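Let me begin by presenting the structure, written as structure tokens, before commenting on it.
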Amino acid sequence: MAVKDYDIRDLDLAEMGRGRIDWAAQEMPVLRQIAERFAREKPLEGVRIAACLHVTTETANLVRALKAGGAQVALCASNPLSTQDDVAASLVVHDEIPVYAIKGEDTKTYYAHLEATLAHEPHFTMDDGCDLVSLIHKERRGLLPNIFGGTEETTTGVIRLRAMAADGVLSYPVIAVNDAQTKHMFDNRYGTGQSTLDAIIRATNVLLAGKTVVVAGYGWCGRGVASRARGMGAHVVVTEVNPLKALEATMDGYVVMPMLEAARIGDIFITVTGNINVLDAQHFAVMKDGAILCNSGHFNVEINIPALETAAREKRVGRPFIEQYTVEGGRSINLLAEGRLVNLAAAEGHPSAVMDMSFANQALSVEYMLKERGRLEVGVHPVPEAIDQEIARLKLEAMGVRIDRLTPEQERYLASWQEGT
Ligand code: ADE
């Protein structure tokens with residue numbers, strides 16, 4: 001198949017995209033240092049990378065870094081609504097990257113874009129949600145012999161990869177970037193926390209102070225969303241299925257209750273569970289007039305939209321990114337961004353300063369896998385501890401934060417067992 005060079009909205013948006021990519025770069029000092037070293041050492045020379053990531057200003061900086069290291073990168077979107085069209089244009093025009101991504105593309109185009117990216121015959125896959133790995137293993141197995149590794153950005157993708165590994169079908173090593181501490185402790189918590197509220201505010205302009213915000217799921221993302229909503233003066237209710245996380249949320253000071261109870265009192269519902277039908281017909285049936293629903297989990301399955309469609313007498317677009325469903329009793333239920341990742345659809349995703357660390361992990365993981373080529377077993381691997389520590393060190397340095405060192409006496413003490421009470 002002939003490979004089309006790109007498929008994006010509008011090349012004329014390129015200048016605006018370049019300005020915004022450069023702006024983001026200022027907040028990505030760790031990735032910048034890596035890019036500078038890559039430009040000198042060219043550790044990725046000749047490596048073809050297929051990347052399926054949200055096409056944002058931060059991703060553009062990652063792609064530039066990989067290219068500086070000598071890689072040939074082809075890029076498609078990891079969600080039909082998350083593409084920033086000006087960024088896609090700038091990558092094509094200024095960086096000569098084949099990009100296949102258009103904000104609002106339908107499902108057929110979304111998969112055609114994955115196919116177009118794979119037509120570049122990658123040695124390496126970089127996923128955010130496991131879609132490339134999944135497509136390769138289901139339909140493009142002919143590519144497998146040339147692929148030596150991959151990386152995965154997000155919790156949902158890592159869960160899918162582990163399921164593939166458990167079923168014995170995963171055919172190459174993949175690094176779970178999400179599981180690095182410098183990724184999930186910051187990106188998932190502070191990134192999702194801030195960008196989700198940013199998106200709700202941009203889409204609705206509602207005042208959060210005094211509202212009851214229901215956060216479904218108290219993983220790293222849920223913790224971040226809950227803490228930022230509380231910071232804006234909301235009453236925060238958390239729902240959970242895991243007793244430990246529910247206990248943690250309780251002791252963090254949130255009210256914890258089952259969703260069926262929360263559904264009656266919530267003004268704004270935010271799902272961040274990674275699971276299906278967390279908000280369902282029985283919840284819509286008891287929600288207050290004007291309830292706002294959104295999702296910041298990876299897939300658009302957390303809110304049962306077909307059930308909402310069935311329950312609705314009428315549906316209309318309230319304002320951009322808001323669909324107003326009129327249900328029984330004339331109540332209106334407002335769905336944001338079609339139930340897709342609201343922070344990327346209605347805002348700009350996580351701020352650059354946290355993506356700095358996530359994408360530093362991506363860049364260094366590719367370099368590591370290339371060095372270890374042929375030595376890593378098929379399966380899901382952690383980011384090496386040394387990379388995680390180095391990224392934390394570089395980030396602190398860039399932020400001008402200095403820390404203490406263990407004295408020789410303290411090191412000896414920690415290594416000894418003789419001293420006690
Ligand atoms: N995932 C969440 N926020 C993101 C961003 N700004 N860029 C790329 N991927 C993201």
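When a ligand or atom number is given, it counts from 1 through the structure's own listing order. Worth saying up front: this structure is predicted, and the values here are computed from it rather than measured.
Proximity of a side-chain donor or acceptor of S90 to a complementary backbone N or O of D86 within less than 3.5 Å is not detected. The main-chain N or O of G17 is never found under 3.5 Å from a side-chain atom of Q84 such that the two would form a donor-acceptor pair.
Residue-ligand proximity, F359 to ligand 1, at heavy-atom distances under 4.0 Å covers atoms 8 (C). The contact set between ligand 1 and T59, taken as ligand atoms under 4.0 Å from a residue heavy atom, comprises 7 (N), 8 (C).
Backbone and side-chain nitrogen or oxygen atoms of T56 are examined, and one is located within less than 3.5 angstrom of a nitrogen or oxygen of ligand 1. Looking at H54 next to ligand 1, no N or O pair under 3.5 Å apart turns up.
Side-chain contact of H350 with D187: a donor-acceptor pair under 3.5 Å is present, judged by distance alone. Side-chain atoms of H54 and E153 form no donor-acceptor pair, as typed in the model, at a separation below 3.5 Å.
In this structure, F148 has its ring center closer than 6.0 angstrom to the ring center of F124.
Looking at T192 against ligand 1, nothing comes within 4.0 Å, counting heavy atoms. Residue-level proximity to ligand 1 for H350 is carried by backbone and side chain together, each with a heavy atom below 4.0 angstrom.
In this structure, H120 and Y100 have tilted ring planes: the angle between them lies in the 30° to 60° band.
For atom 9 (N) of ligand 1, the nearest non-hydrogen atom from the set M355, H298, E153 belongs to M355.
Residue contact check for ligand 1: E348 places a non-hydrogen atom closer than 4.0 Å to it.
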